[in-house]
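Data first, discussion second: the structure below is written as structure tokens.
Each chain gets a letter, A, B and so on, in the order its sequence line appears, and its residues count up from 1.
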Amino acid sequence: NAGVMQNPRHLVRRRGQEARLRCSPMKGHSHVYWYRQLPEEGLKFMVYLQKENIIDESGMPKERFSAEFPKEGPSILRIQQVVRGDSAAYFCASSPPTGNQPQHFGDGTRLSIL
Amino acid sequence: GEDVEQSLFLSVREGDSSVINCTYTDSSSTYLYWYKQEPGAGLQLLTYIFSNMDMKQDQRLTVLLNKKDKHLSLRIADTQTGDSAIYFCAESTAGGGNKLTFGTGTQLKVEL
């Protein structure tokens, strides 16, 4: 049973470009979460999605960041017009649809902004 | 508000026990988790405890929860060099949906 798959593992962008990070949840999981880890810090919650719905986006920056989880295909975290401060590791987690189940994490995407 | 704190570093000798501590502030915590992160990798779920439990044991891992003091600990028995990693505690809360609030992580270094 494959775990949470994130790609790419590493992404380099120049300032002003767009970054797209993908996450495929574990089989049978319909809840997806995105977290950001800045260097030397813990993970900070960004957004929680179910299929075609954003449930909680209280951790998302107000501008340039968006997330989706379409009916088909992976969840996408999109960052427009990237700046140096967006450099971080972005982790996706997923959990089953029932009850308070623990979240399982992918290996993350390390985003570097030149 | 939600705040989770951990000490930054812990160094132990191989074969000794390690105890990693965590404090949290939100009294409505429902579950508390321990995750392990090795360099360049994602987070591996080690164990978790429901907030109405005091203790949970799983092989070399023992989790103790003092709900009154809002204190959580992870004990690793017979610590090995492969246990060297960063350990994060995290909580989910009744009013917070399913999102996790993480501590800053404790870097465990196991010396020979």
Side-chain angles (χ1 to χ4, degrees), chain A residues 2-10 21 23-26 29-50 53-60 67 69 88-110 112, chain B residues 1-9 20-26 28-53 56 58 61 63 72 85-107:
Chain A
V4 177
M5 304 300 291
Q6 290 188 248
N7 69 82
R9 289 293 308 276
H10 301 274
L21 287 62
C23 170
S24 296
M26 283 179 72
H29 289 193
S30 58
H31 296 195
V32 165
Y33 315 80
W34 286 94
Y35 294 84
R36 176 165 63 176
Q37 184 179 33
L38 294 170
E40 309 296 326
E41 293 188 14
L43 279 74
K44 303 288 186 195
F45 168 79
M46 299 181 77
V47 62
Y48 162 35
L49 309 105
Q50 296 175 18
N53 279 309
I54 296 174
I55 307 302
D56 180 352
E57 57 181 348
S58 58
M60 288 281 268
F69 189 16
Y90 292 82
F91 289 97
C92 171
S94 71
S95 68
T98 53
N100 249 319
Q101 298 290 329
Q103 297 174 26
H104 294 265
F105 282 77
D107 285 339
T109 294
R110 273 112 185 122
S112 297
Chain B
E2 302 162 0
D3 195 17
V4 180
E5 294 192 356
Q6 302 177 238
S7 53
L8 291 179
F9 298 104
I20 303 171
N21 295 302
C22 173
T23 58
Y24 59 97
T25 57
D26 196 323
S28 66
S29 290
T30 51
Y31 286 89
L32 293 127
Y33 304 83
W34 284 103
Y35 285 88
K36 175 184 180 183
Q37 185 181 35
E38 297 185 69
L43 274 71
Q44 174 194 352
L45 177 66
L46 290 177
T47 186
Y48 63 102
I49 188 168
F50 187 48
S51 58
N52 69 353
M53 296 170 63
K56 182 177 179 181
D58 184 1
L61 305 179
V63 178
L72 179 75
I86 300 176
Y87 290 80
F88 290 97
C89 69
E91 65 169 355
S92 60
T93 59
N98 284 354
K99 70 181 182 185
L100 297 179
T101 300
F102 282 86
T104 50
T106 298
Q107 181 156 5

Region of B/L43 in contact with chain A, defined by heavy-atom distances below 4.5 Å: both
Atom group of B/Y35 that falls short of 4.5 Å from chain A, counting heavy atoms: side chain
Closest heavy-atom pair, A/S58 versus B/K99, reported as atoms and distance to 0.1 Å, is OG-NZ, 3.4 Å
Please report the closest heavy-atom contact between B/G42 and A/F91, naming both atoms and the distance. CA-CE2, 3.5 Å
Select, from A/H104, A/Q103, A/E41, the one with the greatest count of heavy-atom pairs under 4.5 Å involving chain B. A/Q103
Going by the rule ring pair (Phe, Tyr, Trp, His ring centres under 6.0 Å), which residues pair with A/Y35 if we only count those two or more places apart in sequence or in a different chain? A/F45, A/F105, B/F102
Using non-hydrogen atoms and a 4.5 Å limit, figure out which bit of B/Q37 sits close to chain A: side chain, backbone, both or neither. side chain
Which one of A/Q37, A/Q6, A/K44, A/R9 has the most heavy-atom pairs closer than 4.5 Å to chain B? A/Q37
Looking only at non-hydrogen atoms, find the nearest pair between B/F88 and A/G42 and report the distance. CE2-CA, 3.7 Å
Are there over 12 heavy-atom neighbours, none belonging to A/M5, within less than 6.0 Å of that residue's CE? no
When rounded to the nearest 0.5 angstrom, what is the spacing between CG in A/D107 and CD in B/E38? 10.5 Å
